[in-house]
Amino acid sequence: MIYIFRFYQWVIAGPIILVLTIITSLTCLAAAAFGCQRWAGYYPPRLWARCVCLLWFVRVKVTGRENIDRRKAYVFVANHQGAFDIWAIYGYLNHPFKWLMKKSLEKIFLVGQACKTIGHVFVDDSNIHGIKETIADAQKTLSGNMSLMIFPEGTRSHDGKMGPFKRGAFLLAAEFRLPVVPVTIEGAFKAMPRNTYNVTPTTVHITIHKPYFPDERGFNTKTLMADCRREINSALDPEHQD
């Protein structure tokens, strides 16, 4: 049975997804050129992500949507188990946001240009100038009541467990005084771990936790980071918990 699915994945679903990716990127570029950047940054990628999950037989279940208000902006912070984190969040979070993305992803043909055009924020933390540029880009994005989605680990997990968090996401939240929402993703490691491109049909569970709101002094970023990590960890399967 697995050989039949591998044939389907690479010979049928793979090429369809490649074509859908190109079409989605071109649609985003065209819509942004006509001034529809906000629409282009949400609806075409959302449909693309859902198609990817459906074509590869990965179901997504979301709990906790009642914890957030669609009309408000947040900084979402999530664990990063694998590539399906991106498709699951983009397709099923149902809340407009921009990604904080690695600078290297800007080089991906068509996709990188589309992401830049529709307002995703690329981070270059290799030097002080890069960090200041990231803050400036984030400020432009967040000024339009737009949320930001960040993987504070900075990279995909090697074993499904969370790696160390970087403080950048929490510093941004403190800088712009936005509520921070921890998000747990469980199942993406099984769907596609970082050491393979083969997909395993499964269910990805997304848990949206209650936001942390800044007080009159803002956030204590060290405490906030620890609290968010604890919340995310609490909804992981026992085998992936710290």
> Do we see a donor-acceptor contact under 3.5 Å between the side chains of S157 and H80?
Replying inline: no
>> Does atom NZ (K103) have a neighbourhood of more than 12 heavy atoms from anything else shown, all under 6.0 Å?
In response: yes
>> Run L110 and L26 through side chain to side chain contact (heavy atoms under 4.5 Å, CB included) and show every step you take.
In response: CA-CA 8 Å; L110 269 182; L26 292 174; 3.9 Å; yes
> Judged by modelled atom types alone, do N94 and R46 share a side-chain donor-acceptor pair under 3.5 Å?
Replying inline: yes
>> Assess whether a salt bridge exists between D242 and R230, defined as any Lys/Arg side-chain N lying under 4.0 Å from an Asp/Glu carboxylate O.
In response: no
> Within the distance-only criterion (no hydrogens, no angle test), does the side chain of Q81 pair as donor or acceptor with the backbone N or O of G160 below 3.5 angstrom?
Replying inline: yes
>> Quick check: closest heavy atoms across P45 and A40, and the distance to 0.1 Å?
In response: CD-O, 3.2 Å
> Is there a donor-acceptor pair closer than 3.5 Å between any side-chain N or O of E186 and the backbone N or O of D237?
Replying inline: yes
>> ring-ring contact (aromatic ring centres under 6.0 Å, His included), that's the test. Do F170 and Y212 meet it? Break it down for me.
In response: CA-CA 11 Å; F170 308 97; Y212 287 91; 9.6 Å; no
>> Grouping I, L, V, M, F, W and Y whenever their side-chain heavy atoms are under 4.5 Å apart, do V58 and V62 come out in a common cluster?
In response: yes
>> If you count heavy atoms of other groups shown closer than 6.0 angstrom to OH of Y197, is the number above 12?
In response: no
> Would you call K102 and F122 a side-chain contact if the rule is heavy atoms closer than 4.5 Å?
Replying inline: no
> Do R65 and L93 come close enough that some side-chain heavy atom pair is under 4.5 Å?
Replying inline: no
> Would a hydrophobic clustering, with Ile, Leu, Val, Met, Phe, Trp and Tyr connected at side-chain separations under 4.5 Å, put V204 with F5?
Replying inline: yes
>> Return the CD to SG distance between Q113 and C28, rounded to the nearest 0.5 Å.
In response: 11.5 Å
> If you round to the nearest 0.5 Å, how far is CZ of R59 from OG1 of T202?
Replying inline: 10.0 Å
>> Going by the rule side-chain contact (heavy atoms from CB on, under 4.5 Å), which residues pair with T207 if we only count those two or more places apart in sequence or in a different chain?
In response: T63, T184, H209, A235
> Considering only heavy atoms from C-beta outward, does the side chain of T200 approach that of M192 to under 4.5 Å?
Replying inline: no
> Quick one: does L55's side chain get under 4.5 Å of Y8's, heavy atoms only?
Replying inline: yes
> What are the two closest non-hydrogen atoms of L29 and A114, and how far apart are they?
Replying inline: CD2-CA, 3.8 Å
>> I'd like to know whether the aromatic ring centres of F84 and W87 sit less than 6.0 Å apart in this structure.
In response: yes
> So, for P179 and F219, which heavy atoms are closest and what is the spacing to 0.1 Å?
Replying inline: CA-CZ, 4.5 Å
>> What's the separation between atom CG in L224 and atom CG in D227, rounded to the nearest 0.5 Å?
In response: 6.5 Å
>> With a 6.0 Å cut-off on the ring centroids, do Y42 and F97 count as close?
In response: no
> Which heavy atom of H240 sits nearest a heavy atom of N233, and at what distance?
Replying inline: O-OD1, 4.3 Å
> Can you check whether W99 reaches C115 side chain to side chain, under 4.5 Å on heavy atoms?
Replying inline: no
>> Which heavy atom of V199 sits nearest to which heavy atom of P201, and what is that distance?
In response: O-CD, 3.8 Å
> Does some side-chain heavy atom of I17 sit less than 4.5 Å from a side-chain heavy atom of W56?
Replying inline: yes
> Just wondering, do V75 and L172 contact through their side chains at under 4.5 Å, heavy atoms?
Replying inline: no
>> On a heavy-atom basis, which atom in L236 and which in Q241 lie closest, and how many Å separate them?
In response: O-NE2, 3.0 Å
> Has R50 got its NZ or CZ under 6.0 Å from the middle of the six-membered ring of Y92, at an angle within 45 degrees of the ring axis?
Replying inline: yes
>> Check for me, please, whether L47 and I118 land in the same ILVMFWY cluster - side-chain distances under 4.5 Å, paths through other members count.
In response: no
> Atom CG in L178, atom CZ in F176: separation rounded to 0.5 Å?
Replying inline: 8.0 Å
> Just by distance, do the side chain of R194 and the backbone of R156 share a donor-acceptor pair under 3.5 Å?
Replying inline: yes
> Same cluster for M149 and M146 if Ile/Leu/Val/Met/Phe/Trp/Tyr side chains link at under 4.5 Å?
Replying inline: no
> Got a sec: does the CZ of R71 have more than 12 other heavy atoms crowding it under 6.0 Å?
Replying inline: no
>> Are L105 and I86 linked, directly or through intermediate hydrophobic residues, by side-chain heavy-atom contacts shorter than 4.5 Å (ILVMFWY only)?
In response: yes
> What about the rings of F165 and F151, do their centers lie closer together than 6.0 Å?
Replying inline: no
>> Set out, in order, the CA-CA distance, both residues' side-chain angles and the distance that settles side chain to side chain contact (heavy atoms under 4.5 Å, CB included) for T203 and V60, then state yes or no.
In response: CA-CA 6 Å; T203 299; V60 180; over 6 Å; no
>> I want to check something: taking the side chain as every heavy atom from C-beta on, are L20 and V52 in contact at a cut-off of under 4.5 Å?
In response: no
> Going through the checks in order, is the side chain to side chain contact (heavy atoms under 4.5 Å, CB included) test met by V77 and V181?
Replying inline: CA-CA 6 Å; V77 293; V181 181; over 6 Å; no
>> Please evaluate residues I150 and L148 with respect to the criterion side chain to side chain contact (heavy atoms under 4.5 Å, CB included), reporting the C-alpha separation (whole Å), side-chain torsions for both, the decisive distance (0.1 Å), and the verdict.
In response: CA-CA 7 Å; I150 305 174; L148 199 62; 3.9 Å; yes
>> With rounding to the nearest 0.5 angstrom, report the NE2 to CD1 distance, H205 to I185.
In response: 12.5 Å
> Between K166 and E153, is the closest basic N to carboxylate O distance under 4.0 Å?
Replying inline: no
> When rounded to the nearest 0.5 angstrom, what is the spacing between CG in N79 and CZ in F189?
Replying inline: 12.0 Å
